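From a predicted model like this one, the values you see are computed outputs, not experimental measurements.
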Amino acid sequence: MSQMSPEPHMQQVDLTTLTMPQLTQLKQQLDQELALFQESLHSLKVAQGKFQNSGECLEKVTPAAEGKSILVPLTGSMYVPGRLANTKNVLIDIGTGYYAEQDIESARDYFKRKIAFVTEQMEKIQIIGLEKSKVRDTVAEVMELKMQPQSAHS
Amino acid sequence: MEDAQKKLENELSSFKNTQKEFQKAVATRQQLDAQLNENQIVKEELDRLPADRKVYKAIGPALIKTEIVEAKQNVTKRIDYINNEIKRSDDLIVSLEKKQDSHREALQRLQQQYQQAKMKAAMKA
């Protein structure tokens, strides 16, 4: 979902040479990035849950279920009775308003792939997030160090 | 001293405006990124499908049948468009970043001036 563009500002800078406003700005930036990671992680988790759910639903659509009666939700709170007419194919939302007809086997494969993809993204974000929070902690430390001589003077 | 304060306030408000613009530009950029990603995933998915598969496009609440070829063309076109938009928004972000930096510098200078004026006023009193 969120592709990481390579950081253009990533170069070695000795944190102790930065001024206080610069450090504050840097810390703010890092805080924002960390918040964004948390958010992305959360939405990825939601997406993962949805894919898992759909995959599980697929298990119920077997040839044996053909002709069985079901309740079709028209709205969130209104249902009409129906009969399962086609258990060979399902329609899958592949994004941006496109739906593709898939047989059960490829649908199962689709969800498996999606779950793997989302999990992979989550792992990536977790790693980057960990690194960022380390940098943030270092910045906070340097800020504290800089504060000390200032307060000693006054 | 009042003069310095006024200048400082003016500069501060225009700095804040630029900051807001910058944040908006970054948000747009992130949205575009998300859209690009989604479209790319759709394209990958369409590429995997056998040519005889039925594909539908949601138009409002209705699903309309489309040819895979047409769907692919549409998605590719959209990806191109989004890429162009991303370029445009990147340029905007760079220019706003510069503007922000120059505002920040001016702000610092004015702050110093203001402090000096304040000191002078305090000396006189």
* To do: Could you have a look at A:T96, A:D103, A:I94 and say which one has the most heavy-atom pairs with chain B under 4.5 angstrom?
  => A:T96
* Asked: Using 30° and 60° as the class limits, which term best fits the ring planes of A:F111 and A:F51: parallel, tilted or perpendicular?
  -> tilted
* Asked: Under a 4.5 Å heavy-atom cut-off, does chain B meet the side chain of A:L36, its backbone, both or neither?
  -> side chain
* Asked: Are side-chain N/O atoms of B:S102 and B:E105 paired as donor and acceptor at under 3.5 Å?
  -> no
* Structure fact -> Max heavy-atom pairs within cutoff under 4.5 Å with chain A, candidates B:R48, B:R78, B:E38, goes to B:R48
* Check each atom of B:Q30 against the heavy atoms of chain A and say whether the ones under 4.5 Å are side chain, backbone, both or neither. => side chain
* To do: Apply side-chain hydrogen bond (donor to acceptor under 3.5 Å, both in side chains) to B:E21 and B:T18, showing your working.
  => CA-CA 5 Å; B:E21 265 178 73; B:T18 322; 5.4 Å; no
* **Where A:T16 and A:K146 come nearest, the two heavy atoms and their spacing** => O-NZ, 2.8 Å
